[in-house]
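Just so you know, these numbers use all the heavy atoms, side chains as well, and skip hydrogens, waters and symmetry mates.
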Amino acid sequence: MAATKLPPLSRRRALVGLAALASTSCRRRGSPSPPEPAPAAAEAAPPGWKELAFEPASGGEDPQRALLLAPAAAGAPPLLVALHGRGEAVRGVEVGARGWRDDYALDATLKRLLAPPLAPEDLGGMVTRERLAQLNASLRDHPYAGLCIATPFTPDLRDRSVEGAASFGRFVVERLLPRARAEGGCQAAREATGIDGVSLGGRLALLVGLSNPDVFGAIGALQPAVRASEAEMFSTLARRAMERHAVALRLVSSEADPFLPAIQAISDRLRQDGVAHELLIVPGPHDYAWNRGPGGVEMVLWHERVQRGLNPP
C-alpha cells in the first residue's frame with residue numbers, strides 16, 4: 001500500500017518531539033509524569049467497559065488485568081487488542097489496563113466516530129485538511145459499526161527481543177483472546193482480529209502480532225518504540241509472517257515523533273524486502289495529546305475498516 005508522507009521535520013519540531021519523549025509513555029529514566037487530565041468529554045465514560053482479572057497461570061508469572069469494551073451492536077463485532085505505552089506500564093497493572101480508556105480518552109474518540117463528520121479539534125488539531133477529508137469520506141461511505149476492544153496491561157520488558165515478548169504473546173493469544181470472545185461476543189476469525197499499540201505498546205504489537213500471523217489478520221503500531229538498527233529484525237519477522245498468512249500491516253508516526261527516523265528505516269527495509277505495508281505520517285508530537293487525537297482515531301478506524309473487509313482511509 002502507498003505511503004502517506006508529510007514534509008521533512010524542522011529542527012524546531014524535532015526538538016519539541018525529543019522534549020516530549022522525556023515525559024511521555026516512552027521515558028526510560030525515573031518515573032514518568034502523570035498524564036494531563038483527559039478532556040471533559042471522556043470523564044463521564046459510557047457503560048460497556050468490563051474489567052477482566054487473570055490469576056497467574058504458573059509459578060513465576062504476575063497477575064494480569066485487562067479492560068474489555070463490547071459494543072451493543074447487532075452481530076459479533078471484530079476484536080482489537082490495544083496496548084498502552086510505558087507511562088502506564090510503570091504505574092502498575094491496574095493503571096495500565098485502564099490506560100486507553102482513562103489516560104487516552106478512548107471513549108471520546110469512539111463517540112465522535114459514531115457521530116461524524118470529524119472536526120480538526122477531534123484530532124487535537126493535529127490533522128491535515130487532506131487527511132481529515134479522507135477520514136470523513138470513509139465514515140460517510142461506511143458508518144463506524146464498532147469493535148470489541150481489549151486493553152491489557154502492557155509490560156515494560158527487559159528483554160526487547162522477539163523471544164522476550166513470547167510470554168506476553170502467549171498470554172494475549174491463549175488467555176486474553178478466548179476470554180474476550182467468550183465474554184464480549186467478539187468474532188474469532190483471524191481476519192477479524194487485530195493488535196495495535198502506542199510507543200512501547202506499538203513495539204510489542206509488532207512483535208506479538210507478527211509472531212502470530214495465524215491469529216492476527218491486522219497488525220498496526222502507533223509511534224512504535226523501535227531503533228533503526230532493528231530494521232532487519234522486524235523485516236525478517238514480517239517476511240516470515242507473510243509467508244504463513246497475508247497480514248494487513250501499518251506503521252503510524254508523526255512529524256515530531258523522536259522514533260520517526262527509526263520507523264522510516266524499518267519501512268524502507270520492509271519495502272526493500274517486498275513486504276506489503278502502509279506508512280502513515282501525520283502532524284503532532286509523541287505525547288498524551290497525540291494519543292487522544294490522531295492516535296486513537298487512526299487506530300480504531302483503520303482496524304474497524306480492515307477487519308470488516310472495507311478499504312481503510
Side-chain angles (χ1 to χ4, degrees), residues 13 16-28 32-43 45 49 66-67 69 80-91 95-113 118-127 131-132 135 147 149-154 156 194-206 220-226 250-260 263 280-304:
R13 282 176 172 166
V16 169
L18 289 171
L21 183 60
S23 62
T24 64
S25 57
C26 291
R27 197 164 116 184
R28 300 303 302 178
S33 301
E36 298 173 1
E43 290 176 359
W49 291 97
L67 259 60
L69 177 65
L80 168 65
V81 176
L83 308 180
H84 59 74
R86 187 174 186 270
E88 288 65 56
V90 299
R91 291 161 63 206
V95 171
R98 299 168 185 163
W100 271 102
R101 186 193 69 180
D102 295 352
D103 294 327
Y104 306 166
L106 189 58
D107 280 323
T109 296
L110 297 174
K111 284 181 181 179
R112 292 300 299 121
L113 289 175
L118 300 174
E121 55 266 28
D122 296 319
L123 291 93
M126 293 172 277
V127 64
R131 185 59 182 163
L132 187 62
L135 296 170
L147 289 170
I149 303 177
T151 62
F153 171 71
T154 306
D156 183 17
I195 189 168
D196 211 315
V198 63
S199 197
L200 166 71
R203 178 187 182 86
L204 276 174
L206 292 174
L222 305 169
Q223 301 181 327
V226 295
R250 185 170 81 152
L251 305 174
V252 180
S253 186
S254 63
E255 291 178 286
D257 176 14
F259 292 110
L260 175 57
I263 294 166
L280 176 67
I281 302 173
V282 302
H286 189 113
D287 65 6
Y288 282 96
W290 192 89
N291 298 346
R292 295 170 186 158
V297 170
E298 290 287 354
M299 178 184 74
V300 171
L301 189 57
W302 184 78
H303 280 274
E304 193 263 351

Of all heavy-atom pairs between [X] and [Y], which one has the smallest distance, and what is that distance?
{"X": "Val252", "Y": "Pro224", "answer": "O-CD, 3.8 Å"}
{"X": "Ala205", "Y": "Gly197", "answer": "CB-N, 3.9 Å"}
{"X": "Arg203", "Y": "Ala225", "answer": "NH1-O, 3.1 Å"}
{"X": "Gln223", "Y": "Ser254", "answer": "NE2-OG, 2.8 Å"}

Do the ring centers of Phe259 and His286 come within less than 6.0 Å of each other? yes
Mind checking what makes salt bridge (charged side-chain N to carboxylate O under 4.0 Å, His left out) contact with Arg98, not counting sequence neighbours? Glu51, Glu94
Are Val81 and Asp196 side-chain neighbours, meaning at least one heavy-atom pair lies under 4.5 Å? no
Could you check whether Thr154 and Glu88, counting side-chain N and O atoms only, form a donor-acceptor pair closer than 3.5 Å? no
Asp107 side chain to Trp49 side chain, donor-acceptor N/O pair below 3.5 angstrom: yes
Measuring from Leu301:CG to Thr109:OG1, what's the distance to the nearest 0.5 Å? 11.0 Å
The side-chain contact (heavy atoms from CB on, under 4.5 Å) partner of Leu251 among Ile281, Leu280, Val226, Leu206 is Leu206
Could you check whether Asp103 pairs with Arg91 (Lys NZ or Arg NE/NH1/NH2 to Asp/Glu carboxylate O, under 4.0 Å)? yes
Should the pair Glu121-Arg112 be classified as a salt bridge under the 4.0 Å nitrogen-to-oxygen rule? no
